[in-house]
Amino acid sequence: MKYFIRIALLSVVTIPLFTYLGFWQLGRAEEKQVILNSYNLLKNSEPVTIHSAEQITSLANYQPISLSGRFDNQRFFLLDNQVINGYAGYDIIMPFHLNNGDTVLINRGWVPQGISRTQLPKVDPIYTNVTLQGILYQPSNHFTLKQDILTNNVWPQIIQRLNLAQLYSTLASPNVLNTVIVLSANSNYTFTYHLKPINMSPEKHTAYAVQWFALLCLMLVMLLVIVIHAYRNKYKPEFTSK
C-alpha cells in the first residue's frame, strides 16, 4: 500500500510536468521554424538602401540592407563569451554614423580572445566613408548573472549581452533601435562571420518533446500497473478449506 501511495504522489507531480515540458518543446520547435522560414525568405532578397535610422524601424528582422557612412573608431563594444570551434572571443560591436548623422550599431563579427582577459583585441581604425551591406538582427536578451556597468570614459567596453537601449544611451545617441546590423560574410570590414538565426534546430526541440512524452507514457503505465495490482489485491477471492 505504501508503494502505491508513493507512485501515486510521484505521478501527481511528474505527469503534469512531463506534459507541460513536452508541449513547451513543441511550441519552441514551432517558434524556431517560423524564425528559420523568415530568415531563409529574406536572406537572399535585394538589400534596402538605408539613409536614416527611422527607415530601419519599419523593416523586418533579417532584412538585407545597404548603408553608407563612417565608423566611430574611438568608441566600440566587445560582446563577451562568443565561442567558435571551442575558442573564446568577442563580437566587435561598433557605432556607425550614417551620412545624415544618425547612429546605428554594426556587428563586425568575431575576434579571438587574447592570452589573458586583460589583453583586448586591437581593431584598426577606418577613417574613410564606406558603404556596407548586412542584415538586420534583433537580439534576444538572455538572462545574465552580471549586469553591464557602462561609462563613456573608457573604451572599448566589454559587455555580456546586447542591451541596445543601454548601448545607445552610453553613446548619447538620440535614436534607439532594437536591432543591430550584422555585416555580410564577404564584407572587407567583417572579421569572422558567425551569425546563426537560431541556437537549436526545430528537429532537436521535437526530439526533446518526444523524450518528455515517452517519460509521460512510462509514468502512466507504471500508475496503471500499480492501480491494477492494488485492485486485484483488494478484491482477491478468499478460498476456505472444508
Does the Q55 side chain pair with the main chain of S52, one donor and one acceptor, at a distance under 3.5 Å?
yes
Heavy-atom pair of closest approach, residues P64 and K43:
CG-O, 3.8 Å
Any chance OH of Y208 has more than 12 other-residue heavy atoms, nucleotides or ligands included, within less than 6.0 Å?
no
side-chain contact (heavy atoms from CB on, under 4.5 Å) for I93 and I106? Distances and angles first, verdict last.
CA-CA 6 Å; I93 311 296; I106 304 286; over 6 Å; no
Can you tell me how far SG of C217 sits from CG of L224, rounded to the nearest 0.5 angstrom?
12.0 Å
Find out whether R75 and L171 are in side-chain contact, i.e. whether some heavy atom of one side chain is under 4.5 Å from a heavy atom of the other.
yes
Heavy-atom distance under 4.5 Å between the side chains of L36 and P202, does that happen here?
yes
Mind listing the closest non-hydrogen atom pair of A209 and G22 along with its distance?
CB-O, 3.4 Å
Minimum heavy-atom distance between G134 and I181, given as atom pair plus value
CA-CG2, 4.3 Å
Nearest heavy-atom approach of V104 to A53 is CG1-CB, 4.5 Å
Distance (rounded to the nearest 0.5 Å) between L177 CG and L164 CG
8.0 Å
Spell out, yes or no, whether I84 and Y90 are grouped together once hydrophobic residues are joined by side-chain heavy atoms under 4.5 Å, including indirect joins.
no
Sole residue of V123, L183, D72 in side chain to side chain contact (heavy atoms under 4.5 Å, CB included) with M94
V123
Within the structure provided, determine whether L78 and P121 are in side-chain contact (heavy-atom separation under 4.5 Å).
yes
Keeping the roles fixed (side chain from T57, backbone from E54), state whether a donor-acceptor pair exists under 3.5 Å.
yes
Measuring from atom CG of L136 to atom CG of N61, what distance do you get when rounded to the nearest 0.5 angstrom?
7.0 Å
I35 backbone acceptor or donor facing S38 side chain under 3.5 Å:
no
Kindly say whether the aromatic ring centers of F71 and F76 come within a distance under 6.0 Å.
no
Distance in Å, N129 CG paired with N99 CG, rounded so as to fall on 0.5 Å steps
5.5 Å
Hphob cluster co-occupancy, V12 + L220, side-chain heavy atoms under 4.5 angstrom:
no
If you look at every heavy atom in T19 and F213, which pair is closest and at what distance?
O-CE2, 4.1 Å
Heavy atoms only: give me the nearest T206-A29 pair and the separation to one decimal.
OG1-CB, 3.7 Å
Does a side-chain heavy-atom distance below 4.5 Å link Y87 with W110?
yes
Hey, can you tell me if H205 and W24 have their rings parallel, tilted or perpendicular (30° and 60° cut-offs)?
perpendicular
One should read off an interatomic distance between T14 OG1 and M222 CE, to the nearest 0.5 angstrom, of 8.5 Å
Taking C-beta and beyond as the side chain, do Y193 and T190 meet within less than 4.5 Å on heavy atoms?
yes
Assess the pair W212 and F18: is the distance between their ring centroids shorter than 6.0 Å?
yes
Does any non-hydrogen side-chain atom of Q157 lie less than 4.5 Å from one of T170?
yes
Surrounding CD of Q138 (heavy atoms of other residues, nucleotides or ligands, distance under 6.0 Å), is the total greater than 12?
yes
I'd like to know whether I65 forms a side-chain contact (heavy atoms from CB on, under 4.5 Å) with L59, so could you lay out the CA-CA distance, the side-chain angles of the two residues, the decisive distance to 0.1 Å, and finally the verdict.
CA-CA 9 Å; I65 63 171; L59 298 178; 3.9 Å; yes
Do we see a donor-acceptor contact under 3.5 Å between the side chains of H194 and D91?
yes
Is there a side-chain contact (heavy atoms from CB on, under 4.5 Å) between L41 and Y62? Walk through the geometry before answering.
CA-CA 9 Å; L41 178 66; Y62 306 118; over 6 Å; no
Is the side chain of S201 donor-acceptor paired with the backbone N or O of K204 at a distance under 3.5 Å, no angle test?
yes
Test of understanding: clusters of I, L, V, M, F, W, Y form through side-chain heavy atoms closer than 4.5 Å, transitively. Do Y20 and L216 belong to the same one?
yes
What's the verdict on side-chain contact (heavy atoms from CB on, under 4.5 Å) for I159 and L167, showing C-alpha distance, side-chain angles and the deciding distance?
CA-CA 9 Å; I159 57 176; L167 301 190; 4.0 Å; yes
Side-chain donor/acceptor of T192 to backbone N/O of G109, under 3.5 Å
no
Going by atom types alone, do T131 and S68 pair a side-chain donor with an acceptor below 3.5 Å?
yes
Evaluate the side-chain proximity of I126 to R108: yes if any heavy-atom separation is below 4.5 Å, no if none is.
yes
Can you find a pair of side-chain heavy atoms, one from L195 and one from Y137, that are under 4.5 Å apart?
yes
Please check if V34 and F23 belong to a single hydrophobic cluster, counting links between Ile, Leu, Val, Met, Phe, Trp and Tyr side chain heavy atoms closer than 4.5 Å.
no
Gap separating the CG atom of N175 from the CD1 atom of I56, nearest 0.5 angstrom
8.5 Å
Donor-acceptor pair, Q82 side chain versus D80 backbone, under 3.5 Å?
yes
Transitively linked via ILVMFWY side-chain contacts under 4.5 Å: I92 with I158?
yes
Are the side chain of D102 and the backbone of L98 linked by a donor-acceptor contact shorter than 3.5 Å?
no
Please check if the side chain of S169 supplies one atom and the backbone of Q166 the other of a donor-acceptor pair under 3.5 Å.
no
